[in-house]
Amino acid sequence: MSHSLEPKPVSSFFYCGKSTDISPIGQFHHPEFVLIGDRVTIKDDYCIQSTLQDSLPVPKIIIGDDCRCEQGLTLQALNRIEIKPRVTIGSNVSISDARHEYRQVGLPVLAQGWMDSTGEVIIGEGTQIGDGTVIAGNIRIGKHCVIQPGSVVEQDLPDYCVAGGSPAQILQQETAKLQPRTAGLSSGTPESTPLLSICIPTYNRAIYLDLCLSCIFSQLQNDSRVEVIVCDNASTDATPQVIARYASRYPSLKSFRNSTNIGGDRNIYLVAQLARGKFIKWQGDDDYFVEDSIPSLLDVIHDHMQCGIIYLNVHNHDGQVYTAEGAPAYLRTSGIMCTFISGIILRREDFEQIEKPFRYIDLSLNQAYMQYEILTRNPSFCVVNRRMFNFSGNPPSGYNLGEVVFRSYQTILHHFIGKGLSEVDVQQEKLAALYNYILPWYTGIMRDHAPVFTDDFEDLFREFYGEESYFEDVLLRIASIKALAQS
């Protein structure tokens, strides 16, 4: 790995990729929130600044692989600036995800704060930004655009357009040519965008992670269609050594290590945010792909590129693969198993459009919320009824069962009433989840004395099911399960 920066600044980045060429003549403010990909060039006199307005330990400035930034680049992020791979940025370009307030006469602009502090700037793959361009505010620029020199971009721009002026206007737009089905499948070049990112959040499970990675790479070797990303949540066991061993053999493995444990849900989100594949697949570190399952899964993805979600139904092995549409159909198909991260594949294009990805980050089921958010924009999903995994048999641990399956799940479903789901949809799922999953889970946890908090399970059941016609019968069943476990 080669860098032109001194060792100390390089090590302070969130991540700095291979073969970067970053001039030492420039300034980084809070580089721990800056992620720089492979083969990135940044020339002299840059100022790249991440402003600390929250404590979430995720990258706020992301510069993708093979980007080239000329002299005088300014990046200022309150929330997030993401520059996709192969973007070319001319000299003296300024990019900010917020605009300064300026309307208080007599008060310096820099002392007036921000007009909008919730925006993001996303610049699409392959775009060219001309010299002296200013991009400010909540802006999304499509892929393969050309921004003429001296432009001021104040609104979103679509894919494949030429824009210029102050404010920038669309001067020309082309319809993207359809890519052949085999495009990018086996080129093996470092510039090709992977089809799939397998994203593994992990913490103190070195033994299980070792087997997980072995099952993946025994099927992939160095298949350029897939990248594997491991995000280590500050493990204290041999996890770093396991990751290093695989990374030395497989260039498609990228790893990130949090300086402190940020919590499971935040790590689940972070590892997905780091992905650059067209589809994102979460993978539990103790779930193991069965033989030949990954190549067949890649075929499914190729045939369903329009779907926002690909759901792996691990409880149905009839081999069917089919598509459906809408949140009600997805709820009937997946139910509470949409919380099983290894069964979920998301199209990155849709994942990145989620406006508030942290809305339920503290409820232990944020991944369910993100799926239904995607369905509000792209209702098409694919279901794969195949046996995909072997499981380690790890006992559940470290959470409050009732809080998760009652409060968290119901809260998220109710959020989407009127946004794709109806009251009837949620009521039907409430009953189905209870009998098909929640009671069996509770039975197993109590029987095996798993380290899961269940002391308030009955109280939470009363709170969320107390008015249901079947409440008394189920309450008796819960009491019976509890008594049997204590006998």
Side-chain angles (χ1 to χ4, degrees), residues 29-30 33-35 47-56 58-64 67 69 73-85 87 89 93-104 109-110 112-130 132-148 150-170 173 269-270 272-274 308 347-361 369-370 373-374 376-378 419:
H29 298 271
H30 298 294
F33 293 100
V34 177
L35 186 155
C47 180
I48 298 177
Q49 177 175 356
S50 173
T51 303
L52 293 176
Q53 72 166 9
D54 59 48
S55 59
L56 294 173
V58 298
K60 293 175 177 288
I61 296 176
I62 301 172
I63 303 176
C67 286
C69 308
L73 173 66
T74 298
L75 300 179
Q76 185 173 35
L78 288 183
N79 296 292
R80 184 167 175 245
I81 294 174
E82 182 171 2
I83 301 169
K84 301 288 188 180
V87 170
I89 301 177
V93 169
S94 175
I95 302 173
S96 173
D97 61 2
R99 291 182 291 172
H100 272 289
E101 181 61 78
Y102 61 89
R103 291 169 290 190
Q104 299 181 49
V109 170
L110 293 179
Q112 294 188 38
W114 303 97
M115 295 179 67
D116 180 6
S117 61
T118 61
E120 295 182 343
V121 174
I122 310 294
I123 299 175
E125 180 177 349
T127 284
Q128 300 178 42
I129 300 174
T133 293
V134 175
I135 301 170
N138 188 28
I139 304 293
R140 281 175 168 75
I141 297 174
K143 59 187 177 182
H144 300 290
C145 295
V146 176
I147 312 301
Q148 293 187 341
S151 299
V152 177
V153 181
E154 297 180 336
Q155 62 182 1
D156 293 352
L157 297 173
D159 295 342
Y160 299 95
C161 75
V162 177
S166 178
Q169 304 292 323
I170 297 173
Q173 184 173 6
Y269 173 75
L270 175 57
Q273 189 186 41
L274 298 170
R347 192 168 72 163
R348 182 161 63 92
E349 177 183 343
D350 297 307
F351 172 80
E352 292 176 345
Q353 294 297 315
I354 299 174
E355 292 182 359
K356 295 182 179 179
F358 289 103
R359 182 186 291 273
Y360 293 115
I361 196 68
Y369 160 72
M370 289 191 282
E373 270 294 310
I374 286 173
T376 65
R377 294 171 176 80
N378 180 1
K419 303 175 184 178

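Along the sequence shown, residues carry numbers from 1. Fair warning: this is a prediction, and the values are worked out from it, not measured in the lab.
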Exercise. Using a strict 4.0 Å threshold on nitrogen-to-oxygen distance, state whether R80 and E120 make a salt bridge.
Key: yes
Quiz item: Quick one: does C47's side chain get under 4.5 Å of H29's, heavy atoms only?
Solution: yes
Self-check item: Beyond-backbone contact of V93 with I147, side-chain heavy atoms, under 4.5 angstrom
Solution: no
Quiz prompt | Side chain proximity check, Q273 to P59, heavy atoms < 4.5 angstrom | solution = yes
Quiz item: Which residues satisfy the salt bridge (charged side-chain N to carboxylate O under 4.0 Å, His left out) test with E373, sequence neighbours excluded?
Solution: R377
Practice problem: Please work out which of the three classes, parallel, tilted or perpendicular, describes the rings of F351 and Y269, given edges at 30° and 60°. | Solution: tilted
Quiz item: Which value, rounded to the nearest 0.5 Å, describes the distance between E154 atom CD and Q169 atom CD?
Solution: 9.5 Å
Exercise. Can you measure from CG (L274) to CG (L35) and round to the nearest 0.5 angstrom?
Key: 6.0 Å
Quiz item: Quick one: SG on C161 to CD1 on I170, what's the gap to the nearest 0.5 Å?
Solution: 5.0 Å
Quiz item: Would you say the side-chain atoms of T74 pair up with the backbone N or O of S94, donor to acceptor, closer than 3.5 Å?
Solution: no
Quiz prompt | Given I62, I63, D97, the one that forms side-chain contact (heavy atoms from CB on, under 4.5 Å) with I81 | solution = D97
Exercise. Using a 4.5 Å cut-off on heavy atoms from C-beta on, say whether the side chain of C69 contacts that of V87.
Key: no
Self-check item: Option passing side-chain contact (heavy atoms from CB on, under 4.5 Å) with V121 (candidates V153, I135, N138)
Solution: I135
Practice problem: Working to the nearest 0.5 Å, report the span between CG of D159 and NZ of K143. | Solution: 5.5 Å
Practice problem: First locate atom CD of E352, then atom CG of D350, and finally report the distance between them rounded to the nearest 0.5 Å. | Solution: 9.5 Å
Quiz item: Between atom CG of L157 and atom OG of S151, what is the distance when rounded to the nearest 0.5 Å?
Solution: 9.0 Å
